[in-house]
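Just so it is clear, the model here is predicted, and its values are computed rather than measured. All chains are named by letter (A, B, ...) in the order of the sequence lines, taking the proteins before the strands, and each is independently numbered beginning at 1.
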Amino acid sequence: MIKAVRGTRDLLPPDTDLWNRVDAKVRDVFARYNYHEIRTPIFEDTQLFSRSVGEETDIVSKEMFTWEDKARAQSEKPQSLTLRPENTAGVVRAYIEHGLDKKGTLQKLYYIGPQFRRERPQKGRYRQFYQIGAEIIGPPSAGSESPLRDAEVLEMLATLLDEVGLRDWQLQLNSVGCAEDRARYNQALREALQPVVHLMCTDCQRRTETNPLRVLDCKVPEDQPIIEKLPKISEYLDEPCREHFAAVRSMLDAAGVTYTINDRMVRGLDYYTRTTFEFTHGGLGAQSAVLGGGRYDGLSESLEGPKAPGIGFAIGEDRLVLALQSQGEKPAEKVQAYVAPLGAGMNGHALKLARELRRAGISADIGDETFRLKKSFENAEKAGARFIVIVGENEVAAEQFAVKDLASGQQVQVPRAELTKHLRQN
RNA sequence: GUGGGUGUAGUUCAGUGGUAGAACUCCGGACUGUGGCUCCGGCUGUCGAGGGUUCGAAUCCCUCCACCCACCCCA
């Protein structure tokens, strides 16, 4: 038997009803904040990701689905292509390619779609997973660097999660400063760790060499006293970065968005600058982050584009749905009417009637004239139908249909002309 | 890539060397135009795959595979 490949999965009803509800709500919120949808290709030139996400990150160094396309001409080398592991790089590429900076305004773009990373699957982590993301990007003259953009994005996310129905989420906020700040901080961390690192777990010893920032993320209890004494990134921000972060916080305070500063939160993509954030939720197993994001002031230029600071985020839709389900969210898609043809020659009458209902905006399902009435009732019950409408010879002749409310058990005769009204009002 | 757990009916699972089971689901009937409840009857399996031990393997051994969870890392 051929099965869905590792890390991929089928989304089936009724789960897909919940997914669609999330999609619809998210589009509704984005529209109210004046975002518009962008759709970028599912695969891109491999270099797009190695140059934006970062050659040394886990994503690029070991998690990408990459292959060589055939050369177009004999003189050409085959092109290396990659299934997108995230969507910000693609959006910024499109921004540059279509000269959107020339519009002179802020671009507020959102996307919903699958992303691909070749990781070992576990709860809340799949090789094909879905992200809902948005970016605000534009020339500095349009206000793209303003801390108001950061605050606006965070406020929207708080609203979005509330409206989607997620309870008990937490916003973790940090600033990782600019590239220079991070270089100085990395150096300081290395120096601070040097005398004590041999007391720490083997992971931390490795991290000190490869990526000292990661040490801050360590969860080993014995290491915590050491980690608490390490220098903080906030002490290494230069004046502009410090002011920017303070402005973001004061606007969040003004708007009444609650957050916690987490100066140990480090994010793994190289392009992040200044504000970084995560929204977390308890129902997700080890993957507590429902969404993550941050500012990326230098990304466009690193892709040979114009100066175009930006800020964005990606919601893990798989995780958001998981979190909603963990708090008991159940999609209950029901059909309003079940039309039950009864006896030979009734299928046509049933279809005609169902057509009238459906055209009037009433959801309806149809049985079959070979079903005994008992079976039709059972089917109607299984479908979660509110009403069953019986289409038998008597009914057709009298132009009056037996309509039974399956919840209350009440049954009445309803003239054809009043049928849609009767079914709609309940 | 590493570690742990689990693979038996459509589903959830029991079965630790001797004829593969239960519950639920599904199908039919009791009930010929009235569901949920009840009762009766019925279908369903390469026991994850391959090899080995044994008179005999779902069960013991070896190898592999898949899924789940965790690490790493991230959404």
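- By the 30° and 60° cut-offs, the orientation of the rings of A:Y185 relative to A:Y236 is tilted.
- Ranking B:C26, B:A75, B:U34 by closeness to the A:Y272 side chain, first place goes to B:A75.
- The pairing partner recorded for B:A66 is B:U6, the criterion being a Watson-Crick or G-U wobble arrangement whose two distances lie under 3.5 angstrom.
- Ion pairing between a basic and an acidic side chain is recognised when a charged N comes within 4.0 Å of a carboxylate O; A:D181 and A:R274 show no such pairing.
- For the pair A:L216 CG and B:C73 P, the interatomic distance rounds to 12 Å; values are reported in whole Å.
- Within the 4.0 angstrom heavy-atom criterion, no nucleotide atom of any strand lies near A:L320.
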Donor-acceptor contacts under 3.5 Å from residues 292-301 of chain A side chains, at least two apart:
residue, atom, partner, partner atom, Å
A:R295, NE, A:D150, OD1, 3.2
A:R295, NE, A:D150, OD2, 3.1
A:R295, NH1, A:S144, O, 3.1
A:R295, NH1, A:D297, OD1, 2.8
A:R295, NH2, A:S144, O, 3.2
A:R295, NH2, A:S146, O, 3.3
A:R295, NH2, A:D150, OD1, 2.6
A:Y296, OH, A:E135, OE1, 2.5
A:S300, OG, A:P306, O, 2.6

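- Here the side chain of A:F377 is nearest to one of B:G35, B:G33, B:A75, namely B:G35.
- Look at A:E63 and A:R118 and you find no salt bridge, because none of the NZ, NE, NH1 or NH2 atoms lies under 4.0 Å from a carboxylate O.
- Put simply, A:R372 has a side-chain N or O that comes within less than 4.0 Å of OP1 or OP2 on B:G29.
- Of the nucleotides present, B:U12 is the one that pairs with B:A22 by Watson-Crick or G-U wobble criteria, both distances under 3.5 Å.
- Contact annotation for A:N379: no contact, since no heavy-atom pair falls under 4.0 Å across all strands.
- Considering only side-chain atoms of A:Q122, the nucleotide from B:G35, B:A70, B:A75 that sits closest is B:A70.
- Taking the ring centroids of A:F387 and A:H422, they lie under the 6.0 Å cut-off.
- At a threshold of 4.0 angstrom between heavy atoms, the contacts of A:G124 include nucleobase atoms, whether or not backbone atoms are also involved.
- If you check the side chains of A:Q187 and A:E191, you find a donor sitting under 3.5 Å from an acceptor.
- Using the Watson-Crick or G-U wobble rule with both distances under 3.5 Å, B:C60 pairs with B:G52.
- B:A14 and B:U8 have their C1' atoms separated by 10 Å, given to the nearest Å.
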Which atoms of nucleotides 36-38 of chain B (N or O only) lie under 3.5 Å from a protein N or O atom, and what are those distances?
residue, atom, partner, partner atom, Å
B:G36, N2, A:L406, O, 3.4

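- Side-chain atoms of A:K382 lie closest to B:C26 of the nucleotides B:C26, B:A75, B:U34.
- Within 6.0 Å of CZ on A:R358 lie more than 12 heavy atoms contributed by other residues, nucleotides or ligands.
- Relative orientation of the A:Y35 and A:F30 rings is tilted, given thresholds of 30° and 60° on the angle between their planes.
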Between the protein and nucleotides 65-67 of chain B, list the N/O to N/O atom pairs that are separated by less than 3.5 angstrom.
residue, atom, partner, partner atom, Å
B:A66, O2', A:K3, NZ, 3.3
B:C67, OP2, A:R6, NE, 3.3
B:C67, OP2, A:R6, NH2, 3.3

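- The backbone N or O of A:G283 sits less than 3.5 Å from a side-chain atom of A:H281, completing a donor-acceptor pair.
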Report task. Could you please spell out the steps behind the side-chain contact (heavy atoms from CB on, under 4.5 Å) verdict for A:Q194 and A:R190? Result -> CA-CA 6 Å; A:Q194 201 253 321; A:R190 276 211 178 83; over 6 Å; no
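- At a threshold of 4.0 angstrom between heavy atoms, the contacts of A:R207 are confined to the sugar-phosphate backbone, with no base atom among them.
- Ionic pairing of A:R127 and A:E119 is not present here: no N-O contact between side-chain nitrogen and carboxylate oxygen is shorter than 4.0 angstrom.
- Comparing the P positions of B:C61 and B:A23 gives an interatomic distance of 32 Å, to the nearest angstrom.
- Nucleotide B:U44 is matched to nothing when pairs are restricted to Watson-Crick or G-U wobble geometry with both distances under 3.5 angstrom.
- Remark: A:R27 engages A:E37 in a salt bridge (Lys or Arg N to Asp or Glu O under 4.0 Å) (not counting sequence neighbours).
- For A:R51, the salt bridge (Lys or Arg N to Asp or Glu O under 4.0 Å) test picks out A:E304, with sequence neighbours left out.
- Within 4.0 Å (heavy atoms only), A:A286 reaches sugar-phosphate atoms of the nucleic acid but no base atom.
- The residue A:Q411 sits close to a base: some heavy atom pair falls under 4.0 Å.
- Using the Watson-Crick or G-U wobble rule with both distances under 3.5 Å, B:G1 pairs with B:C71.
- The partner of B:U38, taking Watson-Crick or G-U wobble pairs whose two distances both stay under 3.5 Å, is B:A30.
- Comparing B:C31 with B:G48, their C1' atoms are spaced 44 Å from each other, to the whole Å.
- A:E119 comes within 4.0 angstrom of a nucleotide base, judged by non-hydrogen atoms across all strands.
- On the P atoms, B:C60 is 26 Å away from B:U2, given to the nearest whole Å.
- Here the C1' atom of nucleotide B:A75 and the CZ atom of A:F279 are 14 Å apart, to the nearest Å.
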Taking only nitrogen or oxygen atoms into account, show me every contact under 3.5 Å that the protein makes with nucleotides 39-43 of chain B, one pair per line with its distance.
none

